[in-house]
Structures are given as C-alpha cells and as structure tokens.
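Convention: sequence-line order gives letters A, B, ...; per-chain numbering from 1.
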Amino acid sequence: MSAEELELLDEFISNHFGMSFPTHRKEVLESRLLPRLRETNSKTFLDYYYALQFSENGNGKTEIQALARAITNNETYFLRETHQFEALTSEVAAWRKAAGDNAGPFRLLSAGCSSGEEPMSIGIHLKENQGRYWGQEFGFDAFDVDPDRIATARAGEYGLTSLRALTLEQRERYLQSSGPELWKVRPSWKPDVRFQVGNLLDPASYGPSGRYDAIFCRNVLIYFSEESLIRTVRNFHRALRPGGLLFLGHSESIIGLIPQLEAVRIANCIVYRRIA
Amino acid sequence: MNEKSSDTESAAPLEEDPIETMKRLPGMPIDERRRAIELLLRDSHVSIRQRALAMGAVLLSEDQLIGYIRMDGDDILRNAGLEILKARGSRSLALAIRLLGDDDPDIVLQAVLVLDHLRDSRSLDPLRDVLGHPDINVVQAALLAMGRLGDARAHADIVRFLGGDPWLQMAAIRALGHLRSQKAVARLEKLLSDLLVGPIAAEALAQIGGPRALQALGRHWMEFREDIDTEPFLSQLACTAITMKKPPELRAGARASIGAELDSADEATKLSAARCLLSLGAGPEDQKSLEVLIAASGESSHLPDCLEHRADLVPRLLEMPGATRAWAMRLALVARVEVPGERLLDVLRTPVDRVTVELAATLLEKAHPAPESASRLVDVFVGLPPEQRPFLVPALKRQRAAVQANVDLREDLDEEARLSVEIVTSSRAKPLAAWIAAVLEEIRLRVLPLALSRPPLLRLLPWGTWLEQHPEEYAEIAARVIREAGLKELVTPMRLALDRSSQPEPAIVRVLGELHDRESVPILVEKLRADASPRLRAQILESLGRIGGIDARSVLREAAGHSPAPESRVAYRALASCATEEDSPFFRESASHSDWAVRLACVEALGRSLASEDWPVLVSLAADPVAAVSHKAMACLQA
C-alpha cells in the first residue's frame, strides 16, 4: 500500500466510521483490506478506494458495510472493566434519591456495542444492585456500525470467548446453555435492549437531544482521528441530559477536548459529566 | 532573529480550532504559517503536534530553532526545537557540531542528542572531544552516540569508561553493544555477575553476537542461573545463537538446564527456551521445543527465525499439521533442501491455503519426480481450486508424457479436468482451441487462465466474438491475455467492445489505458460525456491519464476544474501522470487547493519539470500539513 493509498483509505474510513489508520497501523489496515480486494476483484488498494468512492448506491453501500466489518475491532466480552459499573450504580442511586417518586426510567446507551456483551453486562450489574434503587426502571439502547454484530446481539447467543472473564459461578448464575458451547443470558437477568445499526459520527444514531442519562463508549475512540473524535464527543454531549455521564475506556481521555464535558471522579473512576 | 520568539511569550491560547487551522494552512502565507506552527506545537493531539514539527523542519530558520532550544521557560518549544533539528536530518549536522562548543551544558547535551539521531560518521571526532565535558549527562549521551555510530575507532575511547562512574559505566557497556565490538567480549563477560550492570552487559553481549559472546552467556547461565531473570536472559541467548549457522557447543549441561524451562509456568519463558534450544542446533529437546513454538505462533506461515538454520527439521515439520508445513517448505527453499515429490503431493492432497500451494509448487519444480507420481499429480491438480491450478503448471509440464498417458487411461475425470490437463500438456493447439470454443462458458472461463503461457493457442480463439457477446465475462481474461501473453492484436476487439457498449466494462477501459492506446481516446471521451456511471468515469479518467496526449490532457483539465469533488481528484491525478510543461501553470494555481489529493497531484506534476518558477510552490508544499504531500515535495526538492 503506497503512502497515497493509505492517506486516501484513511480519509474514507475516518469520514465514514471515525477510525484512523496512521502510518504505524498501515500493516493492520493492509491485512484487513486484502480479503476485500479479493472479493471486489480490485487489483490495487487504489482500485478498492475507487470501488468504495464511486460504486453505485447498491454495491457501494454493501461494500461500505463490508468494510465496516473488516476494519472494526470487535473484541469484547462480558463484565469487562466492571469498576465503571460501580460508578454507574452510585450515580443511579444518587439520581433516584434526588428525583424521588418522580424518577422516570434511567436511560443508558451503549455506543459501539459490538455483539451486545456490554449492555448485557450493565443490565446484569444493575439488577444485582437493585436494592440500592428499588423499583427503578431502566431503558437500554445500543448501536454498532457492523450489521453482523447487531444481528448477533439481537440473537443473544454467546460463545466461550465472550465469557472468558466470568467465573463458573457467574456463568451459571447469569447464563444458560442454548447449544454446544453457546449461552444466552437467563430471562430473569436479561435487560431489554434495543439494538440498532448506527454510526458514532451520525447524530441521528443517538435520537433526540438529551435523551440519555449515561452513555458507554469504551475502547473505541482510541482508534479515532482527532477530527472524528471531536465530532463524536459533540454527539455524546448533545445526546446526554445535563448532568448525564459519559463512560470511556480506562486508557481514553477527552479532558480539555470540549469544556461542556468535565471530568469527575465517582467511585474511583474518571467519568465525564455534561455540564448544564 | 531574537532568541525568543516575540509571539511565544504571551503564548495566547489557540483561538481557532486546530483542525480548522490545519485545513487553512496550505493557503497561508509563509510567515503566517510559522506563527500557526508555534501554536499547533502546543496542541493536545499528538498527530497535530507531529505535523507541526514536520512543517517546522521545512519553514523555521536555524536562528529560530536555536532560539527554541535556548528557552528555559518554555519546555514545549525547547523540545520542539530539538525534534525539529532531528527531523531536518543532515541539514542540522553542521549546526549541531557548532553547538557542541556552547557554554550552556544543556545546549551541548541537545546537540549531542541531535548527532546521535543523525548517525553521521563525521560527528565521531567532535563527539570524542566532549568526552571530557564536566557535565556527566553530556558524557553519557556522547558515549551512546559514539557507540551507535558503529565506527570501530570509537572502541578505545569507550572502554576507558568501563571502570569509572557507574552511570558512565552503564553507558559505555551499552555503547560497546551498539558498536558490536568483539574486542569487548572478555571485559563484558567479567561484568555479567555485577548486580548493577550485569543485565546490561548480557544485553550488550547478545548485541555483539558471535561464538565468543554466546559461550560467555552460556557460562554465565550455568553459574548463575538461580539468580538470573530467566526469560530476558534466554531471549538474549536465543538472539545471539540465531545469527550463527553453526553455533558452538555450550558447556556440558547447559542444554538440559535450558530444556527444563520448557515446563515453565510462564509462557514467555517457555517460548524463549524453545527458541534458544532450536537455534543452538539439533538436540533431544527438539520435539518439545517445536510444540512450544507452534503453540505460540498460531497459524502464521512465516518461518520463525530460530529455525532458519535448521534444515534438518524439514522432514519433521512436514509431518506436523497446520502452518508448520509452510515453515518446512520455506526452510527447504532457503536451505536448498530437496523434498521428495511424493511428500509434497501428500501435503497438497490435504486442505491447504494458497501460500502452502505456492510453496509446494515451487519445490515440486526442483524435485525429482517418480514416474508413478503422474497419477497423483493429476489428482492434486484437478482437486485444487481453479485459481490455484496455475501454480502446478510447471510440474505438469515436466512430466508431460506421463501425465498425458495417465489422463488417457482414466475414466474418473470430468470434462473440465481433462481440458485443464490438456491445455497444459498437449501440443495440439488447433483441436484444443476447438474444444475450448465448444465447451460450456463457465468451464471455459475457469480453464482459460491455464492457457496464458500459450500465445499460439490463444491466437486461435474467437476473442472478438466473445468480447462482443459477453464483454462483462471476458474483459478481465482478455486483459490478462494482452498483458501476460502479449497478444496486442486483442486491442482492436477490445476497442470495438468499448465502442459498442453503452456501459463498458471497467476492465476494458483499464487495459486500454495500460497499453497507452491512443486510438481509444476519442471513444473514451465519448463515453465520459455520455453520462457514464461514477465508477466508470473514474476509470476512464485514469486511463486517459495513462494514455496522455493533447486531447486527453485537455479533457482531464476540464474535468479537474469542473467536476465534483471525488471525480476532480481522479482527474487531477490522471493529469499529473501525463502532464507536460504546458500544464505547469494549471498546477501552480491549484497548489493551495483545499483537497490534499489535489495538492499531491500538483507535487507530482511540478516535481517532474522542476522549473525555477515551481520551486516556491514546492517549498510551500513541502510544509504541507498532510504527510503524503510534504514527503513527496521534499523528495522532489532533494532530488
């Protein structure tokens, strides 16, 4: 892949999905795109770029979805970085106490949810701690740019890789077998999540302004270009109600990026609160 | 120029979004760009800072950079000055050497760091002169820089510090490692048991390599292995052994004690032990070491470095499943070991990936075939996916008579299988051409690639009819026939297919461009103006660029100036590839275009002619915020 081809494809991917592939990730991008080149009969990466850029709506849209599948890192599993869930339950308890009987549903969004392990994990954790906010209702939304991942999330069946952080006891408690080396979340623990195909860069994926009390977007933004990062964080800001919380991956930071999201410490976590 | 930039004392916050600043940069006058660079150097995003550094390397003067590195109160600009001096490469050499004589030790240190980065042998003597500097940090940096120069003359200066201040001792050890100084092995071995510098000495010995260093490390392992940090040490031992075709024997018991680490609870230690043992040569631990290596390597078909001199393992690796068979074949090719043809055919009879097929086919060409292997060769050939069959063509040709005789006797082969073999082995072109013309189209398209090495056969086929009736099916293979078999006479039917079709195949458009077919230009222009699909338009523009000429360039200039964004990029790019001096004014005007791909095209076009009026434009583009543009422009200027 030449420098020009890398720049062209990086720009295309960044504009469509936010992800960035700088020079040091060139080999990663090459290895992920080579199967697409074969599938589309493209001789060079430049040909593939033209196929993406200039195809008719039907083929082009299909190939863009295939590209999303090829380049997104789908690494996720149940109960990943649960210390943030502790911060969430503290927040829910405080919010419930402040709102009292007038508390409506607490709405959560898992942005970049992959195959759904994250919203499922959040739902399980909230249920385990429901004594702290008895009777509180929750609304769960989740989206991902990869339609195959959303289909998996809707089917709700998970393999061993997704369960690798669970103890045997946790697996028995929260899941039940649904086939050879496949598990589903038990109905009594399963949150009702609305899964959709969506794009972090697209404001339409977040619904009306101020809809969410908390947004999770973990270990996705590290791959983003700075321009895409700013666009996405602005979308988060718009989608959160004043006082709502944004949870990012533990190695991700947006401190100083936009002043209306301030870093706060809750239960030993750094999260970001939308300033009113 | 003042030492301190008048703009940085106030260090006003960036008023404009840095992304917007980066977008505006190409159109900014040079002075304004310099100010913007100073502000972008303070941005929180590393990629913005990196681009600002790259622009600074082009635009900032030496005086400005000296001003930066003298800024005690501004770490950002001071560090930026250092990084920019490094980024300027050899242009900074003279300045850095001059600064070695500065009164300020911090400036001297920065100058040493620049010289270390440049690795220019002309800095050896100046660096030697600062080994007596009163500041220990300067001396330490100078030692490391001298080591990394790789000049053996530095050895005597560096060893003087092995017995002195621990800080400088460590630097001297590292420097001797970088220097790959064999003369230092004996002295470094004495330091292995030192609690402070022992691990560094081991690293240096591993870097130096060679039999003496290996034996020194082996002796140390035997005496002190209870106290050594196992994994890093074994890794260093492996790195040392790997470089040698025939490593010397280690002390008695060394292999066994390393072999014990194959049972370690730590995966990294197991792997280092395995790499070590395999690179030391054949031994009783080979099987277990291979199992550890395979478990760690996954399905990678790249030959692990510890096996590179182990041609003795080829038969064993071939027996093992998965990627190890590809390892075996790579090793056989590198070590020029003949693998029996029968064994290779056994491998090919199992499901294998494309890489393995290719490797096996290459080895088959060198193997001595047994006469009875023709039947198995045919089985393997017809069992492969069509796109992989061409790999086995040379092997079939070598046994042509035996293969043909075998096929004549068999009743289990279908028409496609027979035809495929015939194309490779039969010398009767006319009946073969008739057979190809008569067979079902789906079979024909699968077998035609096998005929690419037979131009006389290809010439007998009705390409004109096929291209006229089914251009979408035959365009690709016809393009390959022209490119790979050299049948230029197919250009005319391709051109006719282009002319007749309302939506021509991009493959036809492409190959006519690759062949620089000037006669296609009017047809291509007509298709372009006839509201072709976006993909086709892009391909047409690209082909016009490949063909060139007055008419093509005129159309491309029009498209570049008037088409919407994605298409105008293609037009600029295509025009750049065929531009002449007449197009230079057009590209000079476009050099501050907001689209970086257009600016890149400008570099390509102007960089070829390099007229004096193009120089200021190229300098501006060398300071472009997009790396692809700036690197290309810099390369043109330096050339």
Side-chain angles (χ1 to χ4, degrees), chain A residues 1-12 14-16 20-27 31 34-35 38-44 46-60 63 221-231 233-234 252-259, chain B residues 13-14 17-20 22-23 40 43-51 300 354 387 475-476 479-480 483 503 505-507 510-511 514 532-542 564-567 569-570 573-574 576 595-597 599-601 603-604 624 626-632 635:
Chain A
M1 189 186 284
S2 69
E4 183 187 5
E5 285 166 338
L6 175 63
E7 203 72 54
L8 287 168
L9 286 162
D10 177 48
E11 182 193 64
F12 188 93
S14 184
N15 287 342
H16 280 80
S20 175
F21 284 88
T23 311
H24 68 270
R25 294 189 75 209
K26 185 175 93 156
E27 282 78 24
S31 65
L34 277 171
R38 284 193 279 270
E39 278 290 320
T40 57
N41 222 11
S42 303
K43 300 274 178 301
T44 64
L46 185 64
D47 279 348
Y48 182 63
Y49 168 75
Y50 287 156
L52 287 169
Q53 188 71 274
F54 295 109
S55 292
E56 316 298 354
N57 273 346
N59 282 345
E63 185 51 37
L221 301 182
I222 46 176
Y223 302 111
F224 274 35
S225 65
E226 56 275 9
E227 190 170 346
S228 304
L229 179 63
I230 291 172
R231 278 172 69 184
V233 171
R234 284 185 182 146
E252 295 169 311
S253 167
I254 56 167
I255 290 176
L257 195 67
I258 68 170
Chain B
L14 192 59
D17 184 300
I19 308 295
E20 290 307 312
M22 297 290 279
K23 283 180 183 169
L40 290 170
D43 195 84
S44 58
H45 293 107
V46 62
S47 63
I48 289 180
R49 291 199 304 275
Q50 278 171 347
R51 281 183 273 180
S300 170
R354 186 191 172 92
E387 65 273 11
E476 269 303 327
R480 285 189 68 187
R483 270 199 307 270
Q503 283 290 322
E505 279 299 305
R510 181 198 189 90
V511 78
E514 286 172 355
S533 69
R535 180 72 183 94
L536 183 61
R537 291 175 64 80
Q539 188 62 69
I540 290 173
L541 290 170
E542 182 141 312
E567 192 172 295
R569 269 186 175 185
V570 182
R573 192 172 184 280
D595 186 346
W596 66 267
R599 300 198 300 275
L600 181 62
V603 173
E604 304 228 4
D624 197 274
V626 175
V629 177
S630 62
H631 290 166
K632 186 97 186 173

Worksheet item: Can you tell which of A/Ile230, A/Asn41, A/Leu6, A/Asp47 has the highest number of heavy-atom pairs within less than 4.5 Å of chain B?
Response: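 Sorted descending by pairs with chain B, the first entry is A/Asp47.
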Side-chain ion pair, [X] and [Y], N-O less than 4.0 Å:
X	Y	value
B/Glu542	B/Arg510	no
B/Lys632	A/Glu4	no
B/Glu514	A/Lys43	no

Discussion item. Given heavy-atom pairs under 4.5 angstrom as the criterion, report whether the side chain, backbone, both or neither of A/Phe12 touches chain B.
Written reply: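 Looking at A/Phe12, nothing touches chain B.
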Discussion item. Need one label for B/Val626: side chain, backbone, both or neither, based on atoms under 4.5 Å from any heavy atom in chain A.
Written reply: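 When you check distances to chain A, only side chain atoms of B/Val626 fall under 4.5 Å.
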Fill in: When B/Ala538, B/Ala627, B/Pro566 are compared by non-hydrogen pairs under 4.5 Å with chain A, the top option
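Of the options given, most contacts go to B/Pro566.
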Worksheet item: Which pair of heavy atoms, one from A/Leu221 and one from A/Glu252, lies closest together, and at what distance?
Response: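 Minimum heavy-atom separation between A/Leu221 and A/Glu252: N-OE2, 3.0 Å.
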